[in-house]
Amino acid sequence: MRRLLSLVWPSLAALSLVAVFGGSLVSAQKPASAGVAAPAPVHGKAAKRLLIRNAMVIYGNAKPAFGPVDILVQDGLIARVGRTPANDPPPDAVIDATGKYVMPGIVDTHSHTAIEGSVNEISLPNTGMVRIRDVIDDEDIDVYRELAGGTTTALMLHGSANPIGGQSQIVKWKWGRPASEWIVQDAPRTIKFALGENPKSSNFRPPPGTPLQYPATREGVEEVIRDAFTHARDYMAKWDEYEARRKRGENPIPPRRDLLMEEMADVLRGKVDVHSHCYRSDEILMLLNLSDELGFKVRELQHVLEGYKVAREIAAHGVGGGTFIDWWGFKFEAIDAIPYNVAMMDRAGVLMSVNSDSDELARRLNFDAAKAMKYGGLSEEEALKLCTLNPAKQLRLDHRIGSIDVGKDADVVIWTGHPFSTYSRVDTTFIEGQVYFDRQKDLEMRKENAKEKVDLLKKEEAEMAKEKKEGKSHASR
């Protein structure tokens with residue numbers, strides 16, 4: 001079996017290269033026939049000027065879908081949306097998108113994909129010093145599968161085993177590239193908080209005789225958060241005193257540097273956005289009151305399944321919400337979840353998005369967004385924003401992603417039909433003008449891999465038969 005895996009692995013590596021460098025790009029000088037994908041005209045690089053022609057465009061903002069129009073991508077950015085002028089310089093590559101839809105790349109604000117090992121550093125109630133960016137697994141095949149569902153950007157979160165977890169990381173799913181290139185360099189810093197059953201270990205109690213890890217109650221969760229910021233204020237005061245003494249010409253000994261307290265201090269300074277796991281309305285209010293008391297800002301409430309009960313209070317604090325449409329009852333604190341939650345919170349003025357918390361759901365966030373039209377009556381444009389522009393705003397990256405507007409990153413997805421239809425499939429996924437998923441290439445690779453698998457199994461069987469025969473020969477001597 002080891003021998004078989006060693007032979008199969010190069011094929012998987014090749015798949016990543018094709019996913020990055022392949023593409024249904026048609027030479028600008030020689031258009032291909034309809035439905036036939038041609039290789040990219042440049043080697044391993046995005047076309048400097050790419051024209052997507054005759055597409056129905058879903059903008060991802062308040063505009064309704066419109067088309068057919070052309071989208072010009074230049075140097076990884078959206079350069080023009082509209083008809084192509086007759087005197088326009090020829091592009092380097094053209095895609096004929098007649099009869100297809102183009103929408104912004106889907107943004108997922110709650111992902112645990114591509115995290116190497118455990119997503120939780122569970123040893124302390126506050127592990128705000130650890131960083132998800134240090135454990136990104138750039139070979140996780142789920143990334144490729146999410147690209148096949150149109151997802152291009154994600155917030156990689158620490159788990160919810162602690163009231164205060166680790167530092168999260170905003171990435172683009174640049175499959176086949178090193179993890180260092182996934183990181184969105186100008187993205188805000190973020191940190192994961194958690195309330196409820198998970199941080200108090202309700203569903204994973206230690207064996208009998210083993211002491212419980214603190215906190216073991218909801219009141220303990222609140223105390224951990226309050227204590228962290230109380231200590232952070234003291235830490236800031238020590239450094240303020242040190243700087244003041246230096247300015248007076250003294251030569252004081254600097255305070256001991258504490259990575260955890262520096263992160264907590266930066267939360268208080270507004271340099272780090274808080275994204276908090278939560279379910280129950282009483283805990284949501286607790287966190288909002290705590291943020292008022294201690295002076296920090298909550299950027300987004302994750303899951304927030306009882307948000308509809310306190311939507312006005314959430315809106316008054318300017319806090320966003322990212323949730324599931326129809327997940328409920330999977331644990332006791334999720335028992336009051338309703339599928340109308342998204343629409344009710346949206347109507348109350350809360351910036352809402354749908355997110356995954358799942359490698360599988362991350363491939364189908366467009367369908368969760370569509371369900372908001374059924375459960376609550378959101379318009380098509382409002383529903384589309386739930387997986388595009390709204391999560392981009394929650395990540396404070398809407399100046400770069402989330403809608404098809406001139407000047408934004410060319411993170412776009414070509415669909416065979418309307419993305420809210422269960423019959424539609426992703427044709428091509430671009431990040432900054434570069435192809436990272438191509439369905440035609442993928443189908444070709446499936447055939448190649450199936451054939452290679454058969455050949456390898458035959459080879460393995462032949463080698464085993466040979467070894468068996470040789471073994472009998474030795475035994476007869």
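Residue numbers count from 1 along this sequence. These figures come from a predicted structure and were not determined experimentally.
- In terms of heavy-atom proximity, V274 sits nearest to V267 at CG2-CG1, 3.7 Å.
- Heavy-atom minimum distance, G150 versus T429: CA-OG1, 4.3 Å.
- Panel note: side chain N120, backbone A161; a donor-acceptor pair is recorded below 3.5 Å.
- The environment of R312 atom CZ is sparse: at most 12 non-hydrogen atoms of other residues, nucleotides or ligands sit within 6.0 angstrom.
- The residues E360 and R363 are annotated as salt-bridged, a charged nitrogen and a carboxylate oxygen being separated by less than 4.0 angstrom.
- With sequence neighbours left out, the salt bridge (Lys or Arg N to Asp or Glu O under 4.0 Å) criterion links E300 to no other residue.
- A salt bridge is defined here as a Lys NZ or Arg NE, NH1 or NH2 lying under 4.0 Å from an Asp or Glu carboxylate O, and R446 with D442 meets this definition.
- The shortest non-hydrogen separation linking W173 to E146 is NE1-OE1, 3.1 Å.
- A distance-only check finds a donor-acceptor pair linking the side chain of Y235 to the backbone of D258 [under 3.5 Å].
- For K48 and D75, the salt-bridge test passes: some basic side-chain N is under 4.0 Å from an acidic carboxylate O.
- Side-chain N or O atoms of T323 include none that pairs as donor or acceptor with a backbone N or O of V304 at under 3.5 Å.
- The main-chain N or O of G402 is never found under 3.5 Å from a side-chain atom of K393 such that the two would form a donor-acceptor pair.
- The shortest non-hydrogen separation linking L157 to Q302 is CD1-NE2, 4.0 Å.
- At most 12 non-hydrogen atoms from other residues, nucleotides or ligands lie less than 6.0 angstrom from NZ of K374.
- Closest of all the heavy-atom pairs between F324 and S356 is CE2-O, 3.3 Å.
- Contact annotation: the side chain of K192 approaches that of S160 to within less than 4.5 Å [non-hydrogen atoms, C-beta and beyond].
- For the pairing with V319, the side-chain contact (heavy atoms from CB on, under 4.5 Å) check across V298, I284, L351 returns one residue only, V298.
- A tilted orientation is assigned to the rings of Y144 and W175, their planes being inclined by 30° to 60°.
- Ring-plane geometry between F193 and F296 is classed as tilted, the angle between the planes lying from 30 to 60 degrees on a 0 to 90 degree scale.
- Residues A392 and V107 approach most closely at N-CG1, 4.2 Å, considering heavy atoms.
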**OP:** Would you check, one step at a time, whether the test salt bridge (Lys or Arg N to Asp or Glu O under 4.0 Å) holds for D266 with R269?
**Re:** CA-CA 5 Å; D266 278 351; R269 297 183 184 108; 2.8 Å; yes
Original post:
Checking salt bridge (Lys or Arg N to Asp or Glu O under 4.0 Å) for the pair D368/K371: CA distance, chi angles, key distance, verdict?
Top reply: CA-CA 5 Å; D368 261 24; K371 292 173 188 176; 3.4 Å; yes
Original post:
Could you go step by step and tell me if K385 and D346 meet the salt bridge (Lys or Arg N to Asp or Glu O under 4.0 Å) rule?
Top reply: CA-CA 11 Å; K385 287 197 293 183; D346 181 85; over 6 Å; no
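- Applying the 6.0 Å contact sphere to CZ of R257 captures no more than 12 heavy atoms from other residues, nucleotides or ligands.
- Using a 4.0 Å cut-off between charged side-chain N and carboxylate O, D409 and R400 make a salt bridge.
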Original post:
Step by step, would you call H277 with H110 a ring-ring contact (aromatic ring centres under 6.0 Å, His included)?
Top reply: CA-CA 10 Å; H277 163 115; H110 194 126; 7.2 Å; no
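- Ring-plane geometry between F330 and Y279 is classed as perpendicular, the angle between the planes exceeding 60 degrees on a 0 to 90 degree scale with a lower cut at 30.
- Between R131 and E263 there is no salt bridge, since none of the side-chain N atoms of the basic residue sits less than 4.0 Å from a carboxylate O of the acidic one.
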